[in-house]
Amino acid sequence: MSEFYADMRDIRFNLFDFLKLGDLKKHERFAHADPELISDILDMAFQQAAEVLYPINEIGDRVGAKLVDGKVVMPPGFKEAYKTYSESGWTGLSVDPEHGGQGLPFVCHLATQELFTAANVNFMFTPGLTHGAMGLIAEFGTADQKATYVEKMVTGEWAGTMCLTEPQAGTAVPDLKSTATPIEGREGFYKIKGQKIFISSGDHELTDNIIHLYLARVEGDPPGAKGVSLFVVPKYRVEGGKAGAFNDISTVALEEKLGLHGSATCQLSFGDNDDCEGWLLGGQGNGLKCMFKMMNEARIAVGIQGVGLPAFAYEKALRYSKERVQGSRVSDMKKKDADRVAIIEHPDVRRMLLRVKAISQAGRAMLYYGAYCFDNHLVAADEKESAHWMHQLEILTPIIKAWCSDEGFNACVEALQVFGGYGYIKEYGVEQLLRDAKIASIYEGTNGIQAMDLLGRKVARGGGVMMRTMLGEVTKFIEGPAKEGPLQGEVVALGKATAALGQVAMSFGQTMMKGDVDYPMMHATGFLQMFGDVIGSWLLTSQATIAQTKLDERLSAKGIDANDQAELTTYLQDDADARFWHGKVQSARFFANQILPRVRARAAQVKTEDRSALNVVF
Amino acid sequence: MKILVAFKRVIDPDARIKLTADRSGVDTDSVEYKANPFCENALEEALQIAEEHDGEVVLVSAGGPDIDKTIRAGLALGAERAIRVEIEDTVLDSDLAARVFAAVYKEEEPDIFFFGKQAIDSDNNQCGQLVAEYLGLPQACFASEVVIDDDGEVATVTREVDGGLETIALTLPAVITADLRLNTPRFAKLPDIMKAGRKTIDVMDLDDLDIEDTALKIELVSLEEPSARQAGVKVGSIDELVDKLKNEARAL
Ligand SMILES: Cc1cc2nc3c(=O)[nH]c(=O)nc-3n(C[C@H](O)[C@H](O)[C@H](O)COP(=O)(O)OP(=O)(O)OC[C@H]3O[C@@H](n4cnc5c(N)ncnc54)[C@H](O)[C@@H]3O)c2cc1C
Ligand SMILES: Cc1cc2nc3c(=O)[nH]c(=O)nc-3n(C[C@H](O)[C@H](O)[C@H](O)COP(=O)(O)OP(=O)(O)OC[C@H]3O[C@@H](n4cnc5c(N)ncnc54)[C@H](O)[C@@H]3O)c2cc1C
């Protein structure tokens, strides 16, 4: 069995050197968030990812979740691992102490989740959804509802799900048919009836109870979004704080799918015998509003999959490429009996490796930055400062969700390519990462919907304040000291790309003013990618300036001549810190020079005014 | 019942290490550290015994402030407090470590003093034995099972010895060193990691402890990298293999 690897240096660099997490300590809310403590927590998270979750990853994929006599049976080892995971308290890391959590910054939660997700994304569905469902109850629940559910979910004793999707209501959630009928004499309680599909962790034997967060329409309420309400529907009714009578919820089927075999994607039937009860949460007709409030967090959480999986695929590909001997150096082409070399010596393989690394690191930087905006908004001194962070978070949310999941999946494809035929077969586990990564572009709002959210709502809202705030941060960097530093070429490239992005946004605005929304929306996905590329390059280049300074200090302390490539290469092989900093600079350069030019190519595509996709008759 | 556990920090065994230019030691600029795995077994056993016999577990380690991170990891697992004897890592050999620990024993007077059977950095396998000798205590090394009687007076220890297993009974207080098969160390819980930062690590100076002999018995002359592995040869048949083993390698 292969081992689990993660780039702990990059995770720490993001948190401590780039985001300077220690500064959050000055706020009372985060006074306990010592960098030392957080670093200890990361070590523990890595250990559990490697020793508890990863060893059952492959078996989760091969055996899968199964439906046996109407009950879901999870893959071997999942139950024991769930116990360890829950008892360790991971779900509560950033949860308010009032609800039994540790109240640490959200970005720390994400960093630990990235490790767990990379090690075993299938396993993480149950704790991940429990976290989301718990969050809804903690935010919108009455005192009674919170007392009944929240702590049990923070400790993982009970699990949670999100029940939105129905056969005719996928993207169009308000088209749902589930109904809720008031139970006479019991204020807030309703009889629930309906079919839900694609419900992740919809049933399992990991916990004594499963708390479904369920969208339905109260009888007589209007069609459309305004008539949607949210309910808490437990698998077993809660009696005296314990799981009691069965609540008439049955598992009709499990989906067979491309990946995620170890995650139970359930078709659930509620109230077949008219005996399913739900408890209204957040007020009648407020179902979608409540869901929307949790959206930023949930969508950012999906970004984790678009970072953790390719990051691990990179670690695997890197190690493989150092071992696999094939062919000789192109520069030795004319030599007879040229040495056979490890494939990492081949320029094309190096290109693939650095691409996967740069994409993963850009995704991580984006993901953590978004979460950091969220944390800062929580402790902002005034409304203005709070808005400064929220505007960035709002516009970054669809980008983090869609850019990370699309680029992350593509990066998994490239990592697999490094293995040649050995990537396509199961032996090295990289094909599983690829299959498991695909879902992130589909659920929690498809990436097409994210792109429309970005272009249709976020860019235009408030006279464009979100985009201005976000690009204002980028511009600050472009015009700051970095433009004279060692990465000045990359800074210039970023400046040009940012300008192109701004121009495209303007031209879309004008087109839409003229009443043509189809043309911009046809480019929405491309626009989101442009935006993501700019953000990625901004973050990687700013990180690289920090890394370069650290590298220079180390090299001069050791008396190494940075201009002597041979001496530098030899030195870097033995100094893991220096190698990491040097690598950060190369990632940033690669991104700015090999990926960022897409932005201007996309801008050119928009300029063509080509309407073929709209005009074609299929 | 009070249990003292020696808890040592070692360089991550998976890390690639290199020597300093003068070969006097390992270049520690960018190495990562972990707790010695055998010490983790020792701590786990101590925690289990303490849970059963309502005891207190105290960690003891020797080194500079940079080992506090490893000590905190031990505190997060459930030890109540820790003692760090301030001493430069590089000026410690097994004998001095043992004298330091013996002195700490006298301050704390525990019922059991647990060690790992050896540390995976220098692999000396001496500390526990020396401490027992200096204190005149009974010792049981390489323990794979430890049972403490209800009165907390006798430890029955199964030891992994060359010929198999040996079971002995010791009157407490005693020194026990842990082997890997003794138990499976637990994982720290998040709330305990949070609490670990608030637990005390008492720092003692060498001078605070009454140690007569602080001389090093081992002089480090120099360190060498292991020589690079020679390329192997492929053999055509089992006969050829046996022949090579016999006549070239002289292993048979
Ligand atoms: C493995 C898995 C786990 C899931 N887990 C859950 C879960 O736990 N809970 C839950 O409620 N759901 C879950 N889902 C459902 C998931 O959220 C939906 O599949 C998703 O919302 C898309 O809906 P759909 O599949 O009906 O696709 P459709 O809505 O039919 O979309 C098909 C295509 O059309 C596009 N499209 C649709 N409408 C528009 C529009 N208005 N404008 C432009 N393009 C549009 C989409 O972008 C997409 O490309 C899960 C799905 C899977 C596969
Ligand atoms: C499903 C399947 C069916 C197959 N069917 C057949 C079959 O019917 N008959 C048959 O003979 N074979 C078959 N193969 C084998 C297939 O052709 C090889 O897997 C393929 O040639 C790649 O070789 P490899 O897997 O050893 O990868 P490697 O050669 O090890 O390549 C690994 C990576 O290194 C790169 N690389 C290697 N050498 C160089 C170089 N000199 N310069 C730059 N980059 C380099 C590659 O591009 C690749 O990205 C099959 C493989 C699979 C997975």
Side-chain angles (χ1 to χ4, degrees), chain A residues 3 5 8-9 12 32-53 81 83-95 97 100-104 108-109 112 154-156 550 554 557-559 570-581, chain B residues 9-23 25-35 37 40 43-44 65-79 82 180 183-199 201 225 228-229 231-232:
Chain A
E3 280 180 65
Y5 308 102
M8 296 304 287
R9 277 197 167 75
R12 288 203 165 88
H32 60 314
D34 256 316
E36 242 179 25
L37 167 73
I38 291 162
S39 194
D40 288 353
I41 292 173
L42 288 172
D43 284 340
M44 269 311 305
F46 179 86
Q47 194 193 359
Q48 285 207 16
E51 294 175 20
V52 180
L53 302 187
K83 187 165 183 282
T84 305
Y85 181 97
S86 306
E87 284 177 359
S88 300
W90 294 115
T91 301
L93 198 147
S94 66
V95 172
Q102 305 303 334
L104 289 169
C108 305
H109 173 71
T112 58
V154 173
T155 59
K550 288 179 180 287
R554 176 67 59 87
K558 296 280 169 180
T570 310
Y571 178 75
L572 292 179
Q573 265 155 10
D574 284 333
D575 184 337
D577 286 338
R579 192 163 67 243
F580 167 73
W581 294 320
Chain B
R9 177 186 86 160
V10 294
I11 290 175
D12 180 354
D14 298 327
R16 191 183 141 139
I17 54 168
K18 65 177 197 291
L19 302 180
T20 52
D22 64 1
R23 299 195 166 184
V26 172
D27 188 338
T28 53
D29 260 346
S30 65
V31 299
E32 309 253 339
Y33 295 93
K34 283 192 171 161
E40 290 183 314
L43 174 57
E44 175 62 35
D66 53 331
I67 70 167
D68 282 354
K69 186 174 158 62
T70 309
I71 295 178
R72 278 200 313 274
L75 291 170
L77 288 168
L180 285 184
N183 52 43
T184 308
R186 66 193 67 190
F187 293 100
K189 297 181 168 64
L190 189 54
D192 295 334
I193 303 176
M194 311 277 297
K195 268 183 238 148
R198 296 194 291 272
K199 290 183 177 173
I201 302 178
E225 308 248 2
R229 252 176 68 182

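The chains referred to below are lettered A, B, ... by the order of the sequence lines, with proteins before strands, and numbering in each begins at 1.
Closest approach of A:Thr155 and A:Ser86 over heavy atoms only: O-CB, 3.3 Å. The two residues A:Ala578 and A:Tyr571 make their nearest non-hydrogen contact at CB-CE2, 4.0 Å.
With a 4.5 Å cut-off on side-chain heavy atoms, A:Trp90 and A:Thr112 count as touching. Under the 4.5 Å side-chain criterion, counting only non-hydrogen atoms from C-beta, A:Ile41 is in contact with A:Leu104. Side-chain contact between A:Ser39 and A:Arg12 is present, with at least one heavy-atom pair separated by less than 4.5 Å.
With a 4.5 Å cut-off on non-hydrogen atoms, B:Ala73 does not touch chain A at all. With a threshold of 4.5 angstrom between heavy atoms, A:Leu93 approaches chain B through its backbone and through its side chain. Heavy atoms of A:Asp43 lying under 4.5 Å from chain B belong exclusively to its side chain. Proximity to chain B is limited to the side chain of A:Arg554, based on heavy atoms less than 4.5 angstrom apart. Contact annotation for B:Asp27: only side-chain heavy atoms (C-beta onward) come within less than 4.5 Å of a heavy atom of chain A.
For the options B:Glu32, B:Met194, B:Arg186, heavy-atom pairs under 4.5 Å to chain A are most numerous at B:Met194. Of the listed residues (B:Asp68, B:Ile17, B:Val31, B:Leu190), the one with the most heavy-atom contacts under 4.5 Å to chain A is B:Leu190.
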Between B:Asp192 and B:Lys195, does the salt bridge (Lys or Arg N to Asp or Glu O under 4.0 Å) criterion hold? Intermediate values first, please. CA-CA 5 Å; B:Asp192 295 334; B:Lys195 268 183 238 148; 3.4 Å; yes

